[in-house]
*Asks:* 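One structure follows; several queries about it will come next.
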2 protein chains.
Amino acid sequence: MPAGGTPFISKKQAEFARREQEILNAALSLFEGPHWEQVTVEQISRKAEIGKGTVYKHFASKEEIYAYITLAFTDKLLENFETATSSEDVLVCLKNIIRIAFDMFLANPAQARVSFYCKREDYRNRLPQELREQFEKLDSRFENFIGSILTSGIEQGIIPEKPVEHLMMGLEATFDGAISMIWNTDVSHQHTIDLDTYVTIISEYMLAGLVGLKQSSD
Amino acid sequence: MPAGGTPFISKKQAEFARREQEILNAALSLFEGPHWEQVTVEQISRKAEIGKGTVYKHFASKEEIYAYITLAFTDKLLENFETATSSEDVLVCLKNIIRIAFDMFLANPAQARVSFYCKREDYRNRLPQELREQFEKLDSRFENFIGSILTSGIEQGIIPEKPVEHLMMGLEATFDGAISMIWNTDVSHQHTIDLDTYVTIISEYMLAGLVGLKQSSD
DNA sequence: CTGATTTATGACTGAAAGTCACAAAAATTC
DNA sequence: GAATTTTTGTGACTTTCAGTCATAAATCAG
């Protein structure tokens, strides 16, 4: 019965929650490296200065650790997106959003890599239902957000009148593909251009593909 | 000393080569399933009706099996591409190529999935040098092929005058992203459209992005 | 047919995910 | 504040799987 100055969360519970965050931070710091999938739970536990078994008191599996990292990262991403819709111009808005997305993915490679891993269907099927639902909720938040921008672009006659889901697919595919390419092949080495140029090119390409689609071709 | 009717390859060597193909076929048939990364070397050996150790007489590691599957598949893909360049119209050519690529990736999910896995830089670094070089050779064959089509498109004034590498990046990114999306989320379930429609949309988007790029924006 | 060489094999090793019986600490009761 | 119950922490243990290797089986040479 919490009363007076006592908070609803006991000291112990707070401690427990803090440790959870410590595990996630330890994991993230290890995932920075190039072979993040090789990182073991034991390494994470050592980094967090706890026993391996304790990790499993917080997360039912290694993959749940991935899930929590991804959920937090995607949430932050969406938050940042919402600050980018100040402009009236739909294309400027989209350009800003694309920029923010690339910036966040490149500035937080560990989170971003894990987030990518968490897109895979087989991964999601392995997850307990509750987490799967959280992913679905976040996905639809994302779709609604981009969808509303595209819709207003169509209303303003800037974007061809196609189903927003279709428009969104192209954007998402190009973005995901570009990010994969950045990670899989060291862009600057493979293509002899720097990352910033690459991002600009892809961003232009994404918008060109969107705007340039013919008004219902057949 | 091979002489008379005796071929250079002895019966034994032929047998050995045949078995190699059997291993690859066994692996591929197991990779058809949804959890292809979970397939074990022992399962492959059982499917090929040989001992596990024998697999390692042919391939130094499980990842080398992936490599040989990918090299064969990519080679066939390029071969098919070359049949699609009959048309004079560059955009028709590209449309055909995109179609072929999607068709082959969707008709051969096992090969395609493995090929995707083999794009990852960390994977390639683990490979012995000889195989890595084979991958690089195939990559540049691919780039040259698409590059030459884009170049003639620029000459014909159909495609904006940008470095072909830049143009190629957008195409590749969108294609890879689309394929990933098809695998990661069951497209027909997620987006309530069928695969064929999806492929058409993405194909249109790819070409629109290519053609629609402004002539050096800044 | 005998001995040499090549090829095939599955028991073994090592590494890592996940479990669990028990230890340590904290909370509760008297 | 001692005794008891509950919660939390732990590393030794189990399982699974990639990769190794000593040995068996097959093939070949003379």
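Because only heavy atoms are used, hydrogens play no part in the values below, and waters and symmetry mates are left out as well, while side chains stay in. In what follows, chains carry the letters A, B, and so on, assigned in the order in which the sequence lines appear, proteins first and then strands, with residues in each chain numbered from 1.
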*Asks:* Of all the choices, dT19(C), dT10(D), dA8(C), which nucleotide is nearest to the side chain of Thr54(B) once you look at every atom?
*Replies:*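 That would be dA8(C).
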*Asks:* Nearest of dT19(C), dA18(D), dT9(C) to any side-chain atom of Lys57(B)?
*Replies:*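 From the listed options, dT9(C) comes nearest.
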*Asks:* Distance check needed: dA26(D) C1' versus Ile50(B) CD1, whole Å only.
*Replies:*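 Roughly 16 Å, once rounded to whole Å.
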*Asks:* Considering only heavy atoms, which members of residues 36-49 of chain A lie under 4.0 Å from some atom of DNA chain D?
*Replies:*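 When residues 36-49 of chain A is checked for heavy atoms under 4.0 Å from DNA chain D, there are no hits whatsoever.
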*Asks:* Can you label the angle between the Phe81(B) ring and the Phe145(B) ring as parallel, tilted or perpendicular, going by 30° and 60°?
*Replies:*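 Ring orientation, 0 to 90° scale: parallel.
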*Asks:* Quick check, are the ring centers of Tyr66(B) and Phe31(B) under 6.0 angstrom apart?
*Replies:*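 Yes, close enough.
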*Asks:* In terms of the angle between their ring planes, are Phe105(A) and Phe73(A) parallel, tilted or perpendicular, with boundaries placed at 30° and 60°?
*Replies:*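 Because their plane-to-plane angle is over 60°, the rings of Phe105(A) and Phe73(A) count as perpendicular.
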*Asks:* Are there more than 12 heavy atoms of other residues, nucleotides or ligands under 6.0 Å from atom CZ of Phe142(B)?
*Replies:*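 Incorrect, the count does not exceed 12.
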*Asks:* Base, sugar-phosphate, or nothing for Lys62(B), non-hydrogen atoms under 4.0 angstrom?
*Replies:*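 Here Lys62(B) touches the backbone only, sparing every base.
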*Asks:* When you check the gap from the basic side-chain N to the acidic O, do Glu172(B) and Lys119(B) get nearer than 4.0 Å?
*Replies:*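 Judged by the 4.0 Å cut-off on N to carboxylate O distance, Glu172(B) and Lys119(B) do form a salt bridge.
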*Asks:* Figure out the CZ/P separation between Arg19(A) and dA26(C), and round it to whole Å.
*Replies:*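 Result: 11 Å.
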*Asks:* Whole Å only: how far is the CD1 atom of Ile23(A) from the P atom of dG9(D)?
*Replies:*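 After rounding, the reported distance stands at 9 Å.
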*Asks:* Under 3.5 Å between N/O atoms: give me all the protein pairs with nucleotides 11-13 of chain C, atom names plus distance.
*Replies:*
none

*Asks:* Rounded to the nearest angstrom, tell me the gap between atom OH in Tyr56(A) and atom P in dT14(D).
*Replies:*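 Checked: the OH to P distance equals 17 Å.
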